[in-house]
2 protein chains.
Amino acid sequence: MPRGRSTDTIGINDVARAAGVSLMTVSRSIRGVDGVSDATRQRIVRLAREMGYFPNSAARALAVTNSTLIGISLPTLLNDVFADVLSGMRRTLDRAGYSSVMDTSDYDPAREREWAERTLAWRPAALILTGTTHDPALRARLLRERLPVLEIWDVTDDPIDICVGIDHLDAGLTLARHVAALGYRRPAWVGAPPGLDLRADQRFRGLVRAFRDVGAREVRRVSVTGGNSFVAGAGGFGQLDLRDRPDVVFFLTDNMAFGGMMAAQKAGLSVPDDIGIVGFNGLDLTTVLPRPITTIRTPRRQIGVTGAKTLLARLNGLHPDAVTRLPCELMPGATVRMR
Amino acid sequence: MPRGRSTDTIGINDVARAAGVSLMTVSRSIRGVDGVSDATRQRIVRLAREMGYFPNSAARALAVTNSTLIGISLPTLLNDVFADVLSGMRRTLDRAGYSSVMDTSDYDPAREREWAERTLAWRPAALILTGTTHDPALRARLLRERLPVLEIWDVTDDPIDICVGIDHLDAGLTLARHVAALGYRRPAWVGAPPGLDLRADQRFRGLVRAFRDVGAREVRRVSVTGGNSFVAGAGGFGQLDLRDRPDVVFFLTDNMAFGGMMAAQKAGLSVPDDIGIVGFNGLDLTTVLPRPITTIRTPRRQIGVTGAKTLLARLNGLHPDAVTRLPCELMPGATVRMR
DNA sequence: TTGTACGCGTTATCAC
DNA sequence: GTGATAACGCGTACAA
């Protein structure tokens, strides 16, 4: 393809020529910065619109060596959790003029790294990652480049840059203590396999501690992977050894807990008389159930909003708190009871 | 900020200097194109890695006047539908080397247009929009620029460029005919207000026709907006005039249908004996229920994958079908029965 | 208030 | 096989 003078897209130069002014006058007019008389500005803005001129962000980014792109990596959007986080974030970033380059990693650090590398090639203004554990090479690079980085959902005392999330160990602990205090002593857990969802592993740890503290039986753990969470919950319940007589089952999420509860009832067990069911996240689903699921509400949308705001502050040269730990709210529900 | 020779990020020039070759040799080496001896290529690639050189996509996009960015606009991610579509799409585009600039419009054409304008400034390789109805100015611009555009979820004989989706009117018709054939004659519908979700409006139209064809009573319509779909479904059911004695209620989605079913049971109605419940989409949720919801399965993931593949073909200069209409599958369920 | 010169980091082209 | 040069579209710095 020959390198002809100009393609079909018209640039700032064309507008300048047509208006009989210099390129810079057009640039200033369009951007709305000082240095142009109101008269010429109006004339030029109108002309630009008529000619169908649209600024080229890539060229601008190159010229000012910074962009209005923000990379966002989420593990999945197939449950309400990260969709909530994302919608809170996007709204806030959008209003500040940022576009989002997004992907989901499926909890795979390698995919996260590959996405990050591709995204970093666009010299984004910042990166938003989920969790606080990442591919070591990626982490090192981000540290070295001093790129503004927001880590969400989890918190750590040693973030790459800033983080906004909840204390998952504490959340697991709080939820499990509530249940343990009701007298349950034969707990089971249905969730992701160890090492996949690191936040879930933290919560599991809290659960183990809470039940150990009351001298309960060791927590049985069942792992399920992928697929729809309702189905996974039902399938996970099916994998439990019922002869083992668990008296309460904790699930990775409310959706899974619901699926598990359905499976329990299908197996002839009544909830909570025969077995207790506990979820996680406090999704709205549970509010429409005749028997609300015992769970703990995570501030998902707030994580998104607060995270975005904190990041924006950071981008504006301020020095926001590096670590923001948001509270969760226990929701007792009716799928467990005094034993 | 002074315009010093070079900032901290190192560019292709630095590598060239360090390697004692010209910039073009580095460029060719990195890109893996012909014109460099294997020896120097290897030397340079290694050196570049050591020096921490990373290509700048903005500069490349500027030079070649085309990018590897694809814009994706979805109405929402707060239900499984578009999350499914997206995951199918992303995976396919990702493998082809494209990054996604994403946003959700909340069914607002103005927001879609604003997002599109901002995204177009990055000179994306293509745009993916949901539905076939958009802001007229946006549509005109896309037509004029001849940008590859994929419209998903809905189909039309007159797409901007190419479209992959389902026939919503037909889906509504099929589902409603199935229900009407069972003897139901007092239908109601709980969904979005007219004019908001245009695809839903099409389905409603199919429903109206199916029931008119059997001489049933006019379909009662209840509108709910925003919020969680489970809650909206329950709330929508609550708005029905029960003295009006509807015998079957269609919902916008399966999630809403579930919420509605819960509300029905809370109101003392048994499903399907007192009232029938019908959903839409065939989400996995319904498979774990003791009584699967009568619904119609939409090929969400396939829309994403097929759409992405079609778009890629288009980007590769091929001429794929402009319109791809994917089939839906009726799922009879057990929330309606012979009357 | 307006214009000129240069650089941002990369690739296409053509000459060597 | 390798290099010099001119774009790509725009913004900064400084002169007029």
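These numbers come from the heavy atoms of this one structure, side chains and all, not from hydrogens, waters or symmetry mates. The model shown is predicted, which means the values in this text are computed figures rather than measured ones. Numbers restart at 1 for each chain; the letters A, B, ... are given by sequence-line order, proteins then strands.
Ion pairing between a basic and an acidic side chain is recognised when a charged N comes within 4.0 Å of a carboxylate O; B:Asp157 and B:Arg325 show such pairing.
Across the protein-nucleic acid pair, A:Arg17 atom CZ and C:dG3 atom C1' stand 15 Å apart, rounded to whole Å. Look at CG on A:Asn13: it is 16 Å from P on C:dC6, rounded to the nearest Å. To the nearest angstrom, P of D:dG1 lies 14 Å from CE of B:Met24. Distance B:Ile12 CD1 to C:dC8 P: 14 Å, rounded to the nearest Å. Atoms CD1 (A:Ile44) and P (C:dT2) sit 8 Å apart, rounded to a whole Å. Atom OH in A:Tyr53 sits roughly 13 Å away from atom C1' in D:dC8 (whole-Å rounding). Rounded to an integer number of Å, the gap from CG of A:Leu62 to P of D:dT12 is 13 Å.
Comparing D:dC10, C:dT11, C:dG3 against the side chain of B:Arg60 picks out C:dT11 as the nearest.
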Go through it in stages, so that I can follow the logic: the residues are B:Glu50 and B:Arg46, the test is salt bridge (Lys or Arg N to Asp or Glu O under 4.0 Å), and I'd like the CA-CA distance, side-chain angles, deciding distance and then a yes or no. CA-CA 6 Å; B:Glu50 287 172 7; B:Arg46 175 156 357 116; 5.1 Å; no

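Both B:Arg41 and A:Ser27 lie close to DNA chain D; mapped to their nearest nucleotides by heavy-atom distance, the more 5′-ward contact belongs to B:Arg41.
Judged by distance alone, the side chains of A:Thr65 and A:Arg123 never bring a donor and an acceptor atom under 3.5 Å apart.
Taking only side-chain nitrogens and oxygens, B:Thr40 never comes nearer than 4.0 Å to OP1 or OP2 of D:dG1.
Taking CD1 from B:Ile12 and CZ from B:Arg17, the interatomic distance works out to 12.0 Å, rounded to the nearest 0.5 Å.
As judged by a 4.0 angstrom heavy-atom cut-off over every strand, A:Gly11 is placed among residues touching the sugar-phosphate backbone only.
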